[in-house]
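A short worksheet on the structure shown next.
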Protein chains: 2
Amino acid sequence: MEYTINKLAKLAGISTRTLRYYDELGLLSPARISSNGYRIYGQKEVDRLQQILFYRELGVPLQKIKNILAAEDFDAQAALESHLSALLAKRKQLDLLIANVEKTIKAARGEVIMSDQEKFKGFLQKLVDDNERQYGKEARAKYGDESVDSSNAKVLNMSKEQYSELEKLTAELNETLKVAFEQGDPASELAQKACELHKKWLCFFWNEYSKEAHIGVTQMYVDDPRFTAYYDKIAVGCAAFLRDAVKIYCK
Amino acid sequence: MEYTINKLAKLAGISTRTLRYYDELGLLSPARISSNGYRIYGQKEVDRLQQILFYRELGVPLQKIKNILAAEDFDAQAALESHLSALLAKRKQLDLLIANVEKTIKAARGEVIMSDQEKFKGFLQKLVDDNERQYGKEARAKYGDESVDSSNAKVLNMSKEQYSELEKLTAELNETLKVAFEQGDPASELAQKACELHKKWLCFFWNEYSKEAHIGVTQMYVDDPRFTAYYDKIAVGCAAFLRDAVKIYCK
DNA sequence: TTAAACCATTACGTAACGTCAATGTCAACT
DNA sequence: AGTTGACATTGACGTTACGTAATGGTTTAA
């Protein structure tokens, strides 16, 4: 079957400008030019255009598509398989976003509470996306640590970057708190700095910070044995020390 | 919680450039500017950004997003519901595309044969409804993608207030048209008033009105059995009558 | 205190087309 | 035979939504 530019455009649901542009780029040249100068596309071009649109749908730049299709070791069959898995991944992400909207609706009704982090779940994040695609399975096999990290980050609904920032902050908080505790004065400058770090740390999980809540949560550290155990691992009595320091900090 | 530009960008998975650009457009201004000139974003801005990204995900131009959010009768709840249905539609389309790839793989193996038409299934941003898909496609081909797409977006984001006004207008249009039709003269004052009401009615869906488009759409009422049926329910021959009246109205 | 990390503005660059404008070609009516 | 209207061509400039310096002030960590 042969197609003029308009026929092909309508078939594929794109504009004639797009086809001329693809010709200009050398991405999709017509099979031949008829005597009157019209572009005539054939079967091969139809199939190539389909390939191009698959890639375009996945956000691959046209120049890159050109390179991919031009590569001598290009395997159409393998490409299709990879399209398939990419599209399935895209659907997964879309499901995330749908869940996000559903939850946002509930949150607006006051039925649930949403963290700021959650609010941006499901939007395509370029960095994560790129990393995943570039390294894929190989990186995962190589770096065991990172896979643990990213799974943690997933639980907390954070990006890897955010998670590592949290880890850094946690370490700093613990260190500061330890030294301040050894000095023994909840009003000391260092203890107050620990409070500030703790506030920052809390803000990773909270949308709205308030002094009352800050005091409340540190009191809970003392009352709830699970939290007490965590903070007392730094030093016995540390949970109570933090509570006292925060009381001063929030005064 | 307050965020600097970098914090918010990381939270939302976008670039700081994007946030500055949105500020420049007046689409998302910071809550305040700190003494050192830094942009500071608050809770309200976080939520607004989420809204913006929902729209952006659906391909709505930033200027349009701005208008939508600025509309005094903007209904956040209704907008979320419309996001949801739009995303579900997108997932349906994605499923189509996935089916396309799967079939293409089979076709490459020689297991099935694919028509050229089938090869481009799933790429178009078609309407969800099966019935509407066919007519939507026709309208697209005839009157351009933009007017159809934007009319959909407009319908989806209509507030209850707007909707009831539309209903009222529809009733008035139908009544006027009916009486004018019974009088039989497309040039009559009443028929011309019907045209004006019809124009008003169209402007509920169109961003830009033109005489050509007005004539075009009434011609479509005659050509398209679905629309003909609708207008002929008022009175047989009514679709053609409206077209004739509009031709005079736009002259 | 000195580097690193962030912030600002200004301004030019870009991808993937959209949108004229000017002109040529072709099939179909009148 | 002439006109109309749909469709084709090649420029060439416009647009959207940012990316990417360049240049310089500010805050934080070592």
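Chain letters run A, B, ... following the sequence lines, proteins first, then strands; residues in each count from 1.
Atom CD of A/Glu24 is separated from atom C1' of D/dG11 by 10 Å (rounded to the nearest Å). Taking atom CD1 of B/Ile33 as the reference point, atom P of C/dA8 lies 7 Å away to the nearest angstrom. The distance between atom CD1 of A/Ile52 and atom C1' of C/dA16, rounded to the nearest whole Å, is 14 Å. Spacing between atom CD1 of A/Ile14 and atom C1' of C/dG18 amounts to 14 Å, rounded to whole angstrom units. Rounded to whole Å, atom P of C/dA15 lies 13 Å from atom CG of A/Asn67. Rounded to an integer number of Å, the gap from A/Arg32 CZ to D/dT9 P is 13 Å. Look at CG on A/Leu27: it is 12 Å from C1' on C/dA16, rounded to the nearest Å.
Every residue two or more places apart in sequence or in another chain that forms a ring-ring contact (aromatic ring centres under 6.0 Å, His included) with A/Tyr55 is listed here: A/His83. Residues satisfying the salt bridge (Lys or Arg N to Asp or Glu O under 4.0 Å) test with A/Asp244, not counting sequence neighbours, are none. Among residues two or more places apart in sequence or in another chain, the side-chain contact (heavy atoms from CB on, under 4.5 Å) test is passed with B/Ala76 by B/Gln51, B/Phe74. By the salt bridge (Lys or Arg N to Asp or Glu O under 4.0 Å) test, A/Glu196 is found to be paired with no residue, residues two or more places apart in sequence or in another chain being considered. Remark: A/Arg91 engages B/Asp95 in a salt bridge (Lys or Arg N to Asp or Glu O under 4.0 Å) (not counting sequence neighbours). The salt bridge (Lys or Arg N to Asp or Glu O under 4.0 Å) test applied to A/Asp23 returns A/Arg39, not counting sequence neighbours.
Contacts with DNA chain D (heavy atom under 4.0 Å) in residues 1-9 of chain A: A/Thr4, A/Ile5, A/Asn6, listed by number.
For the atom pair B/Lys90 NZ and A/Leu97 CG, the distance stands at 8.0 Å (nearest 0.5 Å).
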Collect all protein-nucleotide pairs involving nucleotides 13-18 of chain D in which both atoms are nitrogen or oxygen and the distance is under 3.5 Å.
| from | atom 1 | to | atom 2 | distance (Å) |
| --- | --- | --- | --- | --- |
| D/dA17 | OP1 | B/Leu62 | N | 3.1 |
| D/dC18 | OP1 | B/Arg56 | NH1 | 3.1 |
| D/dC18 | OP2 | B/Tyr22 | OH | 2.7 |

Please enumerate all protein N or O atoms sitting under 3.5 Å from an N or O of nucleotides 26-29 of chain C, with distances to 0.1 Å.
| from | atom 1 | to | atom 2 | distance (Å) |
| --- | --- | --- | --- | --- |
| C/dC26 | OP1 | A/Asn36 | ND2 | 3.3 |

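At the heavy-atom level, A/Arg39 lies under 4.0 Å from the strands shown only through sugar-phosphate atoms.
Evaluation of the salt bridge (Lys or Arg N to Asp or Glu O under 4.0 Å) test over residues 27-38 of chain B, restricted to residues two or more places apart or in two chains, returns B/Glu2-B/Arg32. Sequence neighbours left out, not one pair with a member in residues 17-45 of chain B passes ring-ring contact (aromatic ring centres under 6.0 Å, His included).
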Name each donor-acceptor pair under 3.5 Å that joins a side chain in residues 58-70 of chain A to protein atoms two or more places apart or in another chain, with its distance.
| from | atom 1 | to | atom 2 | distance (Å) |
| --- | --- | --- | --- | --- |
| A/Lys66 | NZ | A/Leu25 | O | 3.0 |
| A/Asn67 | ND2 | A/Gln63 | O | 3.4 |

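Checking A/Asp23 against B/Thr16, the closest nucleotide of DNA chain D that is more toward the 5' end is the one next to A/Asp23.
Between A/Ile14 and A/Leu8 the shortest side-chain heavy-atom distance does not fall below 4.5 Å.
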